[in-house]
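Have a look at the structure below before the remarks.
Everything numeric here is computed off the predicted structure, so don't read it as measured data. Computation of the quantities below employed the complete heavy-atom set of this structure, encompassing side-chain atoms and omitting hydrogens, waters and symmetry-equivalent molecules.
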Amino acid sequence: QVQLVESGGGLVQAGGSLRLSCAASGRAFSSYYMGWFRQAPGKEREFVAVIRWSDGNTYYANSVKGRFTISGDNAKNTVHLQMNLLKPEDTAVYYCAADTSGSSSFIPNVHKYDYWGQGTQVTVSS
């Protein structure tokens with residue numbers, strides 16, 4: 001059974017920082033991409049950032065570029081999201097996601113990812 005477990009969410013003031021972590025566990029877990037999505041109340045789940053293990057390339061949503069940094073360790077099945085200069089509009093539940101099937105769907109498409117964590121709440125106060 002594969003599990004993705006997030007940690008690091010919380011409450012922070014605007015302009016502050018948080019670091020999210022995600023660890024995958026389960027026999028023979030291996031992924032092509034690991035990354036983060038978020039979902040605010042009443043909104044669709046949206047792409048935030050992802051790392052492609054084959055070459056280490058990273059991809060970001062325009063809304064977080066320059067403020068968020070994704071990193072990770074493929075051998076340890078862990079991924080992190082350093083979030084700086086947080087804004088109230090970053091408030092959401094953040095989900096870790098993994099593509100273990102090599103889906104051809106586009107990177108920001110939720111359907112590309114076949115494993116998801118339970119989510120961790122990030123709240124940014126103004």
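- Residues V79 and C96 meet the side-chain proximity criterion, which asks for heavy atoms closer than 4.5 Å.
- Residues passing the side-chain hydrogen bond (donor to acceptor under 3.5 Å, both in side chains) test with T69: none are found, sequence neighbours excluded.
- Judged by distance alone, with hydrogens and angles left aside, the side-chain atoms of N109 form no donor-acceptor pair with the main-chain N or O of F106 at under 3.5 Å.
- Counting heavy atoms from C-beta outward, N84 and F68 have side chains that stay 4.5 Å or more apart.
- Separation of atoms CD (Q3) and CG (N77) is listed at 13.0 Å; rounding is to 0.5 Å.
- By the criterion of side-chain heavy atoms lying less than 4.5 angstrom apart, applied directly or through intervening Ile, Leu, Val, Met, Phe, Trp or Tyr residues, L11 is not grouped with M83; the two fall into different hydrophobic clusters.
- In this model, no donor atom of one side chain and acceptor atom of the other lie less than 3.5 Å apart for T78 and D73.
- Side chains of T123 and Q121: a donor on one and an acceptor on the other come within 3.5 Å.
- At a threshold of 4.5 Å between non-hydrogen side-chain atoms, the residues K87 and S63 do not count as touching.
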* Asked: Would S71 and H80 count as a side chain to side chain donor-acceptor pair (under 3.5 Å) if you check the C-alpha gap in whole Å, the side-chain angles of each, and the deciding distance to 0.1 Å?
  -> CA-CA 5 Å; S71 62; H80 310 284; 5.3 Å; no
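- Atom OG in S104 sits 13.0 Å away from atom NE2 in H111 (nearest 0.5 Å).
- Hydrophobic cluster of V93: the remaining members, joined at side-chain heavy-atom separations below 4.5 Å, are Y32, Y33, F37, F47, V50, Y59, Y95, I107, V110, Y113, W116, listed by chain and number.
- Y115 places no side-chain N or O within donor-acceptor distance of the main-chain N or O of S31, the cut-off being under 3.5 Å.
- With values rounded to the nearest 0.5 angstrom, E46 atom CD is found 10.0 Å from E44 atom CD.
- A distance of 13.0 Å separates CD1 in I70 from CZ in R52, rounded to the nearest 0.5 Å.
- What you find for A24 and F29 is that their closest heavy atoms are CB-CE2, 3.5 Å.
- Side-chain N or O atoms of T91 include one that pairs as donor or acceptor with a backbone N or O of V124 at under 3.5 Å.
- Checking side-chain atoms of E6 against main-chain N and O of G119 turns up a donor-acceptor pair under 3.5 Å.
- The minimum heavy-atom distance between A98 and L4, with the atom names listed, is N-CD1, 3.9 Å.
- Between L86 atom CG and S17 atom OG the span is 6.0 Å, to the nearest 0.5 Å.
- Of all the heavy atoms in K112 and S105, the pair that sits closest is CD-O, 3.3 Å.
- Looking at R67, its side chain does come within 3.5 Å of a backbone N or O of L85 through a donor-acceptor pair.
- For Q118, there are no side-chain hydrogen bond (donor to acceptor under 3.5 Å, both in side chains) partners, not counting sequence neighbours.
- The shortest side-chain heavy-atom distance between L20 and T120 falls under the 4.5 Å cut-off.
- Cluster annotation: V5 is not connected to L18 through the hydrophobic network of ILVMFWY side chains, with a link wherever side-chain heavy atoms come within less than 4.5 Å.
- Rounded to the nearest 0.5 angstrom, I51 CD1 and N57 CG are separated by 8.5 Å.
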